Amino acid sequence: MEKNLEHTAEKRPSKKVFLWQILLVLTGILLLFLIHWFVGLFRVPAYFRTVEIIESNQISLYLSNVILPELYNKSQTGKPFEVIFTEEGINEIISRHIDAKSLKKWDFSDISVTFSTGKILLTGKTKYRGHDFIVTAVFKPAICEKGFNAGLTQIRAGTSSLPFASHFIRDKILYKLAGQNSDVVQYAGVLFSDNKIPPEFTFEHRNIKVQEIIIDNHKLTIRFLPD
């Protein structure tokens, strides 16, 4: 009987061995996570699209024939109203009004916007050390009485998130923008700055205030209050 107990005690793994086993399992999980993250850097997200920049002096038809007339007509009523922006329409505006030379200077191409529930994905292709990467800036716009901002929350390369990159990239972009003048500079400054934008603006001699921003799949709704 005593021999059996001694034999069982010998077979029981020590606490040190058990801790090593746990450490090996955790190391394996971490290694798998890092491999998955690294592979994701080179993947193409499902929402990525190739974009042809239209270099012409013609204004976007979606802007001139849909958005501006709707904004004008609804703002004349003096009542709260909303305007719906489609993902396809916004990308048509981008393709006609973004400066291709500025994009090339910044080593970017295929800039597009995707509306997903609660967030806006600004996507583009860039090169780094000879490799193509799809970079996505994730925005969650926020609005309050003091104003609103784009709410940059995340930067992705491929399908992988780049932790802590949003502040670094924002500061780098704003540093490069200093002292320059162009539409791209103005829009980028608004997107990547933490400063709040006043919610009131004037359109066709009428004061309008942005009340709410709602983002659903493939569309963005902005609710306005007339002053």
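Numbering starts at 1 and runs along the sequence shown. It should be emphasised that the depicted structure is a prediction, and the values quoted were computed from it without experimental measurement.
The backbone N or O of T117 sits nowhere less than 3.5 Å from a side-chain atom of D216 that would complete a donor-acceptor pair.
For K219, the NZ atom sits in a loose shell: 12 or fewer heavy atoms of surrounding residues, nucleotides or ligands are nearer than 6.0 Å. Within a 6.0 Å sphere centred on CD of E70, heavy atoms belonging to other residues, nucleotides or ligands number more than 12. No more than 12 heavy-atom neighbours from other residues, nucleotides or ligands sit within 6.0 angstrom of CZ on F38.
Between F48 atom CZ and T159 atom OG1 the span is 14.0 Å, to the nearest 0.5 Å. Annotation: the span from L32 atom CG to W37 atom CH2 amounts to 15.5 Å, rounded to 0.5 Å. To the nearest 0.5 Å, atoms CG (L34) and OG (S160) are separated by 10.5 Å. Atoms CZ and CD1, from F148 and I197 in turn, are 4.5 Å apart once rounded to the nearest 0.5 Å. Annotation: the span from I53 atom CD1 to D110 atom CG amounts to 8.0 Å, rounded to 0.5 Å. Separation of atoms OG (S161) and CG (L41) is listed at 10.0 Å; rounding is to 0.5 Å.
Using a 4.5 Å cut-off on side-chain heavy atoms (C-beta onward), F224 and F201 make contact. No side-chain heavy atom of I90 sits under 4.5 Å from any side-chain heavy atom of E92. Counting heavy atoms from C-beta on, the side chains of S75 and F81 come closer than 4.5 Å. A 4.5 Å side-chain heavy-atom check between P80 and R223 finds every atom pair outside the cut-off. I120 places a side-chain heavy atom less than 4.5 Å from the side chain of P141. Taking the side chain as every heavy atom from C-beta outward, N91 and Y62 never approach each other to under 4.5 Å. When side chains are defined from C-beta on, L122 counts as touching F139, because their heavy atoms get closer than 4.5 Å. Two residues are said to be in side-chain contact when any heavy atoms from C-beta on lie closer than 4.5 Å; T123 and I111 fail this criterion.
Hydrophobic clustering keeps I54 apart from I93 (ILVMFWY residues linked when any side-chain heavy atoms are closer than 4.5 Å, directly or through intermediates). Hydrophobic cluster membership is shared by I94 and F115, with clusters built from Ile, Leu, Val, Met, Phe, Trp and Tyr side chains linked at under 4.5 angstrom. Residue L121 is not grouped with residue F85 when hydrophobic side chains (ILVMFWY) are merged at heavy-atom distances under 4.5 angstrom, including chains of intermediate members. Using a 4.5 Å cut-off between side-chain heavy atoms of Ile, Leu, Val, Met, Phe, Trp and Tyr, with links allowed through other members, L152 and L162 fall into the same hydrophobic cluster. When the side chains of ILVMFWY residues are joined at heavy-atom separations under 4.5 Å, either directly or via intervening members, L63 and I222 end up in a single hydrophobic cluster.
Of the N and O atoms on the side chains of T221 and E82, not one donor lies less than 3.5 Å from an acceptor on the other residue. A donor and an acceptor atom, one from each side chain of T136 and Y47, are located under 3.5 Å apart.
Partners of I22 by side chain to side chain contact (heavy atoms under 4.5 Å, CB included), not counting sequence neighbours, listed by chain and number: F18, L26. Taking the side chain to side chain contact (heavy atoms under 4.5 Å, CB included) definition, one finds that I35 meets it with L31, V39, sequence neighbours left out. Residues forming a side-chain hydrogen bond (donor to acceptor under 3.5 Å, both in side chains) with N207 (at least two apart in sequence, or on another chain): T202. Residues satisfying the side-chain hydrogen bond (donor to acceptor under 3.5 Å, both in side chains) test with H218, not counting sequence neighbours, are E87. In this structure, Q211 has no side-chain hydrogen bond (donor to acceptor under 3.5 Å, both in side chains) partners at least two apart in sequence or on a different chain. S109 is linked by a side chain to side chain contact (heavy atoms under 4.5 Å, CB included) to K125, counting only residues two or more places apart in sequence or in another chain. When the salt bridge (charged side-chain N to carboxylate O under 4.0 Å, His left out) test is applied to E200, no partner is found at least two apart in sequence or on another chain. In terms of the side chain to side chain contact (heavy atoms under 4.5 Å, CB included) criterion, residue partners of E204 (sequence neighbours excluded) are, by chain and number, Y72. Under the salt bridge (charged side-chain N to carboxylate O under 4.0 Å, His left out) criterion, K209 pairs with E145, not counting sequence neighbours. Partners of K127 by side-chain hydrogen bond (donor to acceptor under 3.5 Å, both in side chains), not counting sequence neighbours, listed by chain and number: D132. Residues that satisfy the ring pair (Phe, Tyr, Trp, His ring centres under 6.0 Å) test with F133, not counting sequence neighbours, are F42.
Counting only residues at least two apart or on different chains, no salt bridge (charged side-chain N to carboxylate O under 4.0 Å, His left out) pair has a member in residues 147-160.
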For this session: Walk me through it: do I215 and S116 pass the test side-chain contact (heavy atoms from CB on, under 4.5 Å)?
Result: CA-CA 7 Å; I215 309 166; S116 181; 6.0 Å; no
Problem set entry | Chi angles and distances behind the side-chain contact (heavy atoms from CB on, under 4.5 Å) call for S60, H97 | CA-CA 8 Å; S60 160; H97 294 276; 3.6 Å; yes
For this session: Walk me through it: do D107 and Y128 pass the test side-chain contact (heavy atoms from CB on, under 4.5 Å)?
Result: CA-CA 9 Å; D107 291 325; Y128 181 72; over 6 Å; no
For this session: Applying side-chain contact (heavy atoms from CB on, under 4.5 Å), run through I84 and L220 and close with a yes or a no.
Result: CA-CA 6 Å; I84 297 175; L220 178 146; over 6 Å; no
